[in-house]
Amino acid sequence: MRTLSINLKAQPPIEIEAESLSALEALKHLELKGVERAVAVKINGEIRDLSSPIESQAELEPIYLNSEEGLEILRHSTSHVMAMAVKELFPGVKVTIGPAIKNGFYYDFDYERPFKEDDLAGIEEKMKEIIEAKLPFVRKEMSSQEAIDFFKSNGEDYKVELISDLDTEKVSLYTQGSFTDLCRGPHVPSTGVIKAFHLNKVAGAYWRGDEKRTMLSRIYGLAFADKKALKKYIQKLKEVEKRDHRRLIKDLDLISFHDEGGAGLAYWHPKGGQIRVLIEDYWRKRHYEGGYDIVFTPHIGRAQLWQTSGHLDFYKDGMYSPMDVDGQDYYIKPMNCPFHIMIYKSGLRSYRELPLRWAELGTVYRYERSGTLHGLMRVRGFTQDDAHVFCTPDQVDDEILRVLEFSLDLLSGFGFDDVKIDLSVRDPKKPEKSAGADEMWRQAEMSLIKAIEAKDLNYEKMEGEAVFYGPKIDIKIKDALAREWQCTTIQFDFNLPERFDMNFIGEDGKEHRPYMIHRALLGSLERFFGILVEHYAGAFPTWLAPVQAMILTVTDRNIPYAEELLKTLSDAGLRAKADLRNEKLGLKVREAQLQKIPYMVIVGDKECEEEGVTPRLRSGQNLPLMTAKELIDLISEECRKRR
């Protein structure tokens, strides 16, 4: 017998005489309420299985199923159950990796054919059998060579490769029933803990993300602490699917993609183009009002430019192959920054000229792997709403606050008032890994903090997350489904001014380095447009709607008045169209609603006689008879308020 000292976190220890004690038994000795709900435990701060032995002194902290850490453990355990089910149903399948992810898990398999959606129901049934058997998850450690021999004997080549790359003497394996997997753990005590899961989709994935390696079948699943939480999330997924911009841009005839023209390149149709023009016009108007000048720069640049900027050293994999122009290499631009610097260096700059605020809707091209392309959210060609501020050190605080206020106000104009602020600063323990002087970093970080606090915004400070060339603020907007989207970045750059030897003549008559601030507000028009589509489910606010009013005739004798009305609305600046077909009114209304047109203007005999209109909203609400002027005023006021 020996004395074991145990305690809950921040509580006095107790001593127990025992030869050995599991973490679960130790928790029971501490008379912890609800211990039966624990799925794992922290032993001296390290997450371990409940079956882990207590060997001497241990501070314990139970991990419950509905906690963030508990759910991650549950989801990883569920991936093991799925792998076991697949192995039993599909002899010869090889397993690779199966991690927990947000809200669920996945596992990649190598099989003679790709898995299909039709396979999922059968796999789920087999998983239920495994869960009902309440098989314990048993951990075992062995030498790497023993593990390699074990997996080789079972034909699991991918596990052999993983172990060989680990460069460690020992590895841990977990077994439940007949299935054994390479895994660090921890896991829930048994398969019986898993109560609510669902397999929701299949996809292809290259082994280790390498397009030259084997294409695997990836099965995704969801897992939650209980069925109520799972059901709620599935309902949210249905709403997400209903709002999927890839379907809506096709249904609403806004944008298309064409493989024969090149993957990841968007084609804007007339209605999509109309919305884009509205976005750009609003963007330009606000920038001029905000003290910016708008510039335009080329689409290609000499290799020398990209060498100076550092892109050819650090970003070449994201750039397309060069083209030969008069015996010199030219690259299509992946970013606009070096071009704005060229404009800055076109003449001698004085402190009296600063700050300079230059903005551009610049189209850039970046290589993205085909497997990462995703509608408008991840494309190869996109228009970035870039801006750069060049200022003196004395102007930094005012300019950062000005940029932050401008960003929040413009995002609000598109209906995004709920934001999350992330502040990325350098690791204070590793200042040598940063470009620029320490004083510049201190001033830049303080400027960002002062601006955030001046706006009374909550923020998360992330030490060590800043890129090497400067600290930054990221603004994430929340959409109608409370999903976060990274859009705005306010980024200091201490690298490019040095690389391009940028200067201004100060009040003392000497040369000084300007501060350079990058600012992408919407991010890219393509991605922001995709976010807008999903936020509004395609029902754009009236000021952004490509067609604001659709005139619908009841009979052919109403056509002359409808044509006159169309001219009146159009002359007033409204985006109006008329459906004059000899079809039933109900059909016309349904089609207009499917196109999510804000106002349907009914024109029948009554409207013709009284020279009025009867508007119907896309929500289905009918408004009373009104004059054309009253309708124009109604729509114009709605657009003015941007609601």
Problem set entry | CA sep, side-chain torsions, deciding dist, call: Asp118, Lys116, salt bridge (Lys or Arg N to Asp or Glu O under 4.0 Å) | CA-CA 5 Å; Asp118 295 345; Lys116 302 174 292 187; 5.1 Å; no
For this session: Return yes when atom CZ of Arg113 has more than 12 non-hydrogen atoms of other residues, nucleotides or ligands closer than 6.0 Å, and no otherwise.
Result: yes
Problem set entry | Mutual orientation of the aromatic rings belonging to Phe115 and Tyr111 [parallel < 30°, tilted 30-60°, perpendicular > 60°] | parallel
Problem set entry | Lys/Arg N to Asp/Glu carboxylate O, Arg378 vs Glu526, below 4.0 Å | no
Exercise. Can you check whether Met462's main-chain N or O pairs, donor with acceptor, with Ser424's side chain at less than 3.5 Å?
Worked result: no
For this session: Tell me whether the centres of the aromatic rings in Tyr107 and Phe105 are closer together than 6.0 Å.
Result: no
Exercise. If only atom types and distance count, is the side chain of Gln384 paired as donor or acceptor with the main-chain N or O of Asn336 below 3.5 Å?
Worked result: no
Exercise. Under a 4.5 Å cut-off applied to non-hydrogen side-chain atoms, are Leu254 and His269 in contact?
Worked result: no
Exercise. Closest heavy-atom contact between Leu173 and Ala147?
Worked result: CD1-CB, 4.2 Å
Exercise. Does Lys472 come within less than 4.0 Å of Glu465, counting only side-chain N to carboxylate O?
Worked result: no
For this session: State, without any angle test, whether Glu146 and Ser143 hold a side-chain donor-acceptor pair at a distance under 3.5 Å.
Result: yes
Exercise. How long is the span from the OG atom in Ser153 to the CD1 atom in Ile148, to the nearest 0.5 Å?
Worked result: 12.0 Å
For this session: Would you please test Arg426 and Glu463 for salt bridge (Lys or Arg N to Asp or Glu O under 4.0 Å) and show each step?
Result: CA-CA 6 Å; Arg426 67 175 174 173; Glu463 289 189 348; over 6 Å; no
Exercise. Any chance CD of Gln176 has more than 12 other-residue heavy atoms, nucleotides or ligands included, within less than 6.0 Å?
Worked result: yes
For this session: Mark yes or no: Arg213 above the aromatic ring of Tyr206, with NZ or CZ under 6.0 Å from the six-membered ring centre and no more than 45 degrees from the axis.
Result: no
Exercise. Is it true that Glu239 and Arg243 make a salt bridge, defined as a side-chain N closer than 4.0 Å to a carboxylate O?
Worked result: yes
Problem set entry | Presence of salt bridge, Glu534 and Arg483, under 4.0 angstrom | yes
Problem set entry | Step-by-step side-chain hydrogen bond (donor to acceptor under 3.5 Å, both in side chains) determination, Asp110 to Tyr158 | CA-CA 9 Å; Asp110 185 359; Tyr158 296 96; 2.5 Å; yes
Exercise. Hey, are Asp474 and Lys476 close enough for a salt bridge, meaning a charged N less than 4.0 Å from a carboxylate O?
Worked result: no
Exercise. Is the backbone of Arg48 close enough, under 3.5 Å, to the side chain of Ser52 for a donor and an acceptor to pair up by distance?
Worked result: no
Exercise. Does CD in Glu169 sit with more than 12 non-hydrogen atoms of other residues, nucleotides or ligands closer than 6.0 Å?
Worked result: no
Exercise. Is Arg366 reaching over with its side chain to a backbone N or O of Pro334, donor-acceptor style, under 3.5 angstrom?
Worked result: yes
For this session: Using modelled atom types only, decide if a donor and an acceptor are shared between the side chain of Arg380 and the backbone of Glu368 within a distance under 3.5 Å.
Result: yes
For this session: To the nearest 0.5 Å, tell me how far Leu411 CG sits from Leu522 CG.
Result: 6.5 Å
For this session: Hey, could you give me the CG/CD distance between Leu120 and Glu125, rounded to the nearest 0.5 Å?
Result: 12.0 Å
Exercise. Does atom CG of Asp317 have more than 12 heavy-atom neighbours from other groups under 6.0 Å away?
Worked result: no
Problem set entry | Contact check, side chains of Ser407 and Arg519, non-hydrogen atoms, under 4.5 Å | yes
Exercise. Is it true that Lys201 and Glu117 make a salt bridge, defined as a side-chain N closer than 4.0 Å to a carboxylate O?
Worked result: no
For this session: Report the distance from atom CG of Leu252 to atom NZ of Lys596, rounding to the nearest 0.5 Å.
Result: 6.5 Å
Problem set entry | Trace of the ring pair (Phe, Tyr, Trp, His ring centres under 6.0 Å) decision for Phe382 with Tyr365 | CA-CA 7 Å; Phe382 56 92; Tyr365 296 87; 8.3 Å; no
Exercise. Any chance CD of Glu241 has more than 12 other-residue heavy atoms, nucleotides or ligands included, within less than 6.0 Å?
Worked result: no
Problem set entry | Heavy-atom donor-acceptor pair, Thr488 side chain to Ile475 backbone, under 3.5 Å | no
For this session: Before accepting this row, confirm whether a basic side-chain N of the pair Lys159/Asp181 lies closer than 4.0 Å to the acidic partner's carboxylate O.
Result: yes
Problem set entry | Sole candidate of Thr96, Thr214, Asp108, Asp165 that passes side chain to side chain donor-acceptor pair (under 3.5 Å) when paired with Arg208 | Asp165
Problem set entry | Residues Glu72, Arg75: salt bridge by 4.0 Å N-O rule | no
Exercise. What residues form a side chain to side chain donor-acceptor pair (under 3.5 Å) with Asp226, not counting sequence neighbours?
Worked result: none
Exercise. What distance do Ile490 atom CD1 and Ile421 atom CD1 have between them, rounded to the nearest 0.5 Å?
Worked result: 7.5 Å
Exercise. Do other residues, nucleotides or ligands put more than 12 heavy atoms under 6.0 Å from Asp210 CG?
Worked result: yes
For this session: Please confirm whether the backbone N or O of Ile43 pairs with a side-chain atom of Glu46, one donor and one acceptor, at under 3.5 Å?
Result: no
For this session: Check for a donor-acceptor pair, side chain of Ser164 on one end and backbone N or O of Val160 on the other, with a separation under 3.5 Å.
Result: yes
For this session: Please tell me if the side chains of Val41 and Glu61 come closer than 4.5 Å, counting only heavy atoms from C-beta onward.
Result: no
Exercise. So Phe416 and His535, would you call those rings parallel, tilted or perpendicular, with 30° and 60° as cut-offs?
Worked result: tilted
For this session: Applying side-chain hydrogen bond (donor to acceptor under 3.5 Å, both in side chains), run through Thr489 and His518 and close with a yes or a no.
Result: CA-CA 8 Å; Thr489 295; His518 300 268; over 6 Å; no
Exercise. For the residue pair His187 and His76, does the interplanar ring angle fall in the parallel (under 30°), tilted (30 to 60°) or perpendicular (over 60°) class?
Worked result: parallel
Problem set entry | Non-hydrogen side-chain atoms of Ile163 and Leu182 separated by less than 4.5 Å | yes
Exercise. Counting only N and O atoms by type, is there a donor-acceptor contact under 3.5 Å from the side chain of Asp244 to the main-chain atoms of Val240?
Worked result: no
Exercise. Between Asp422 and Lys420, is there a side-chain N and carboxylate O pair less than 4.0 Å apart?
Worked result: yes
Exercise. Looking at Phe529 versus Trp268, is the centre-to-centre ring distance below 6.0 Å?
Worked result: yes
Problem set entry | Within-4.5 Å side-chain heavy-atom neighbours: Trp485 and Met377 | yes
Exercise. Can we call the ring centroids of Tyr233 and Phe224 under 6.0 Å apart?
Worked result: yes
Exercise. Between Phe137 and Tyr174, does the ring centroid distance fall short of 6.0 Å?
Worked result: no
Problem set entry | Heavy atoms from other residues, nucleotides or ligands near CD of Gln235 exceed 12 (cutoff 6.0 Å) | yes
Problem set entry | CG on Leu222 to CG on Leu199, rounded to 0.5 Å | 8.5 Å
Exercise. Strictly under 6.0 Å, is that where the ring centroids of His258 and Tyr267 end up?
Worked result: yes
Exercise. Can you tell me if NZ on Lys236 sees more than 12 non-hydrogen neighbours from other groups inside 6.0 Å?
Worked result: yes
Exercise. Within a strict 4.5 Å, meaning less than it, do heavy atoms of the Phe90 and Asp119 side chains meet?
Worked result: yes
For this session: With the side chain counted from C-beta on, respond yes when Ile279 and Leu532 share a heavy-atom pair under 4.5 Å apart, and no when they do not.
Result: yes
For this session: Check for a donor-acceptor pair, side chain of Arg247 on one end and backbone N or O of Lys242 on the other, with a separation under 3.5 Å.
Result: yes
